[in-house]
Chemist: 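Sharing a structure here in structure tokens format.
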Amino acid sequence: MKYFIIAGEASGDIHGASLIDALKKEDAEAQFQFLGGDMMAASAGVQPLIHYRDMAYMGFIEVMKHLPTILGFMKTAKQAIMANRPDAVILIDYPSFNLKIAKFAHAQGIPCFYFISPKVWVWKEYRVKDIKRYIARLFSILPFETAFFRKHNYEVEYVGNPTVKEIAEASEKFTHFSTFAAENSLDEDKPVIALVPGSRRKEIRDNLPTMVEAALRHTDCQLVIAGAPSIDQSLYDEVLEPLGTSVPVLYGKSFELVHHARVALVTSGTATLETAILGTPQVACYRMNGSKLLFKFYRRLLKGKYVTLPNLVTDEPVIPELLLHFCSVEAVDSHLTAVLTDSPEREQMLQGYRRMAEILTEKDCTACTAQGIVEYLNKK
């Protein structure tokens with residue numbers, strides 16, 4: 001069967017590659033076209049029609065500035081679907097783009113599947129209507145989503161979380177810190193503060209300076225940036241230049257870096273969940289220019305008490321969430337200081353991580369999703 005997959009960012013590329021591998025086990029004749037990245041290309045054996053690094057726009061203003069480009073990408077995807085007539089379209093998060101493709105594919109009689117649901121439980125809840133209308137099956141990677149969608153009379157299946165499997169596999173190759181430090185020119189005798197400022201250029205520009213300024217106050221520690229695969233070293237250098245400092249950037253080693261770190265400063269998103277599964281205390285930072293007015297605007301739109309995944313999964317404040325104008329150097333430093341030592345705050349966070357792991361379970365989500373998709377298509 002032929003599969004058309006869309007992943008619009010780095011995390012989607014990772015999950016998409018794992019799903020391609022799982023589909024190939026279920027369907028020996030599987031053929032793939034996709035919008036994604038290098039990891040999906042390695043698994044599928046073909047290059048992406050569009051690379052996700054060219055699609056990673058965020059925020060209303062940035063999207064509007066690049067609207068002609070985005071519409072061009074959408075036209076390319078629709079033309080490929082029409083020309084290739086896939087048996088299934090599989091969507092990975094990236095809702096503004098993907099739900100429009102779902103509507104188009106549905107009109108062509110092509111079943112659409114969602115793997116990694118849009119965060120409609122946070123905001124833009126109206127998107128549930130389109131999901132119910134255009135998506136044949138939704139495979140949830142967050143356990144609380146099943147109850148949310150059930151309230152909307154839509155049954156979804158929790159298939160486990162891909163990050164659990166990815167980190168379990170990655171951790172088998174982790175080295176001792178002394179080896180890791182030697183291989184990456186780090187100081188074996190200094191604790192590491194890992195800086196994980198996101199995978200989009202704007203996220204990095206908005207969050208990295210605050211992270212660095214807070215972390216530099218801890219002179220007994222060394223700072224290391226987890227480099228996003230689609231971001232060149234020059235952007236990190238450009239952002240750090242006004243601060244008069246340089247920080248090493250490690251590419252392709254984010255999981256191991258966070259594993260070895262004493263604490264991580266993390267831009268809110270999938271990385272907060274990864275950090276929690278790796279067992280490293282963290283502070284979630286999401287500055288986005290830090291406007292009080294913007295915070296009030298988003299707070300009116302957002303649903304629920306929390307925005308970070310560890311807190312959402314456990315339904316309790318496991319990690320601090322410093323959003324917009326609350327994400328100041330002083331606030332980040334205060335929370336960072338609290339968990340750098342063997343403090344009650346640190347132990348409380350680690351206990352929260354353990355509760356989160358029990359809720360997530362160890363189900364192989366990509367295997368379950370691939371089985372569900374193939375079963376559905378075979379019954380058509």
Side-chain angles (χ1 to χ4, degrees), residues 1-9 12-56 67-118 127 129-140 154 156-157 159 162 365-380:
M1 285 185 278
K2 295 185 290 187
Y3 303 89
F4 191 93
I5 307 175
I6 302 177
E9 52 195 354
D13 183 39
I14 297 170
H15 303 324
S18 182
L19 181 58
I20 288 170
D21 291 337
L23 284 165
K24 287 162 71 174
K25 291 178 182 177
E26 295 294 322
D27 178 4
E29 304 299 319
Q31 300 175 40
F32 299 96
Q33 274 192 321
F34 65 93
L35 281 61
D38 299 337
M39 296 186 71
M40 291 173 72
S43 292
V46 295
Q47 291 302 305
L49 293 175
I50 302 168
H51 200 287
Y52 74 79
R53 64 172 165 258
D54 299 319
M55 302 167 62
L67 188 58
T69 302
I70 295 168
L71 292 175
F73 293 156
M74 198 166 292
K75 182 178 179 181
T76 298
K78 290 178 178 179
Q79 288 175 338
I81 290 170
M82 288 296 291
N84 194 44
R85 297 295 304 180
D87 295 286
V89 171
I90 303 171
L91 310 169
I92 302 176
D93 203 358
Y94 203 57
S96 295
F97 189 97
N98 275 340
L99 285 173
K100 291 180 176 63
I101 295 297
K103 180 179 181 179
F104 173 80
H106 179 80
Q108 312 308 313
I110 300 170
C112 296
F113 303 90
Y114 229 120
F115 175 53
I116 306 181
S117 168
R127 284 175 167 164
K129 292 180 181 178
D130 285 343
I131 291 171
K132 292 175 66 176
R133 187 177 293 126
Y134 305 128
I135 304 301
R137 286 191 68 183
L138 187 149
F139 301 95
S140 166
Y154 186 65
V156 307
E157 178 184 358
V159 292
C365 72
T366 49
C368 292
T369 301
Q371 289 165 9
I373 291 171
V374 172
E375 286 173 6
Y376 182 97
L377 295 176
N378 285 336
K379 289 177 181 178
K380 277 189 66 183

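What's counted below: heavy atoms across the whole structure, side chains too, no hydrogens, waters or symmetry copies.
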Chemist: Minimum heavy-atom separation for Tyr114 to Pro95, with atom names?
Modeler: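 In terms of heavy atoms, the two residues are closest at OH-CA, 3.5 Å.
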Chemist: Would Arg85 and Ile110 count as a side chain to side chain contact (heavy atoms under 4.5 Å, CB included) if you check the C-alpha gap in whole Å, the side-chain angles of each, and the deciding distance to 0.1 Å?
Modeler: CA-CA 8 Å; Arg85 297 295 304 180; Ile110 300 170; 4.0 Å; yes
Chemist: Dump the intermediate steps for side chain to side chain contact (heavy atoms under 4.5 Å, CB included) on Leu23 and Phe32, then the final yes or no.
Modeler: CA-CA 10 Å; Leu23 284 165; Phe32 299 96; 3.9 Å; yes
Chemist: Once rounded to the nearest 0.5 Å, what's the spacing between atom CZ of Phe97 and atom CG of Leu91?
Modeler: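 Separation between the atoms: 10.0 Å.
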Chemist: Measuring from Ile50:CD1 to Thr76:OG1, what's the distance to the nearest 0.5 Å?
Modeler: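 That separation rounds to 4.5 Å.
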Chemist: Minimum heavy-atom separation for Met40 and Gly12, please, with both atom names.
Modeler: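 Heavy-atom minimum between the residues: SD-O, 4.2 Å.
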Chemist: Determine whether more than 12 heavy atoms belonging to other residues, nucleotides or ligands lie under 6.0 Å from atom CD of Gln108.
Modeler: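 Atom CD in Gln108 is packed in, count exceeds 12.
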Chemist: For Lys2 and Gln33: C-alpha separation, side-chain torsions, deciding distance, then whether side chain to side chain contact (heavy atoms under 4.5 Å, CB included) applies.
Modeler: CA-CA 8 Å; Lys2 295 185 290 187; Gln33 274 192 321; over 6 Å; no
Chemist: Do any N or O atoms from the side chain of Asn84 and from the backbone of Ala80 form a donor-acceptor pair under 3.5 angstrom?
Modeler: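 No; zero donor-acceptor contacts below 3.5 Å.
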Chemist: How far does SG of Cys365 sit from CZ of Phe139, to the nearest 0.5 angstrom?
Modeler: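 That separation rounds to 11.0 Å.
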Chemist: Can you spot which of Tyr3, Tyr376, Tyr134 makes a ring-ring contact (aromatic ring centres under 6.0 Å, His included) with Phe113?
Modeler: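 The passing option is Tyr376.
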Chemist: On a heavy-atom basis, which atom in Gly16 and which in Ile92 lie closest, and how many Å separate them?
Modeler: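 Here Gly16 and Ile92 meet closest at CA-CD1, 3.5 Å.
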Chemist: Which atoms form the tightest heavy-atom contact between Ile135 and Ala102, and what is the distance?
Modeler: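 Closest approach of Ile135 to Ala102: CD1-CB, 3.9 Å.
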Chemist: Determine whether Asn98 and Asp93 make a side-chain contact, defined as any pair of heavy atoms from C-beta on separated by less than 4.5 Å.
Modeler: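 They are not in contact (no side-chain heavy atoms under 4.5 Å apart), so the answer is no.
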Chemist: Do the two ring centres, one from Tyr52 and one from Tyr94, sit under 6.0 Å apart?
Modeler: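 No, they do not, as the ring centres are separated by 6.0 Å or more.
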Chemist: Under the criterion side chain to side chain contact (heavy atoms under 4.5 Å, CB included), I'd like the reasoning laid out for Lys78 against Met82: C-alpha separation, chi angles, the key distance, then a yes or no.
Modeler: CA-CA 6 Å; Lys78 290 178 178 179; Met82 288 296 291; 5.6 Å; no
Chemist: Measuring from Leu138:CG to Phe115:CZ, what's the distance to the nearest 0.5 Å?
Modeler: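 That separation rounds to 10.5 Å.
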Chemist: Is the closest side-chain heavy-atom distance between Phe73 and Leu49 below 4.5 Å?
Modeler: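 No; the side chains remain at least 4.5 Å from each other.
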Chemist: Quick one: does Thr369's side chain get under 4.5 Å of Ile90's, heavy atoms only?
Modeler: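 Sidechains of Ile90 and Thr369: no contact.
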Chemist: Looking only at atom types and distance, does a side-chain atom of Asp27 sit under 3.5 Å from a main-chain N or O of Met1, one as donor and one as acceptor?
Modeler: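 It does hold such a pair.
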Chemist: State the CD1-SG distance between Ile373 and Cys112, to the nearest 0.5 angstrom.
Modeler: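 Separation between the atoms: 11.0 Å.
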Chemist: If only atom types and distance count, is the side chain of Lys25 paired as donor or acceptor with the main-chain N or O of Ala367 below 3.5 Å?
Modeler: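 No, the answer is negative, given that no donor and acceptor are paired below the 3.5 Å cut-off.
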Chemist: CG of Leu377 to CD of Glu26: how many Å apart, nearest 0.5 Å?
Modeler: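 Reported to 0.5 Å precision, the distance equals 11.5 Å.
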Chemist: So, for His51 and Gly37, which heavy atoms are closest and what is the spacing to 0.1 Å?
Modeler: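 Looking at all heavy atoms of both residues, the shortest contact is NE2-CA, 3.6 Å.
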Chemist: Are any of the side-chain heavy atoms of Ser117 and Val156 separated by less than 4.5 Å?
Modeler: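 Ser117 does not reach Val156 side chain to side chain.
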Chemist: Salt bridge check, Arg133 against Asp130: does any charged N sit closer than 4.0 Å to a carboxylate O?
Modeler: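 Salt bridge between Asp130 and Arg133, a charged N being under 4.0 Å from a carboxylate O: yes.
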Chemist: Tell me whether Lys103 contacts the main-chain N or O of Leu99 through its side chain, where contact means a donor paired with an acceptor under 3.5 Å.
Modeler: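 Here the side-chain-to-backbone pair does not exist.
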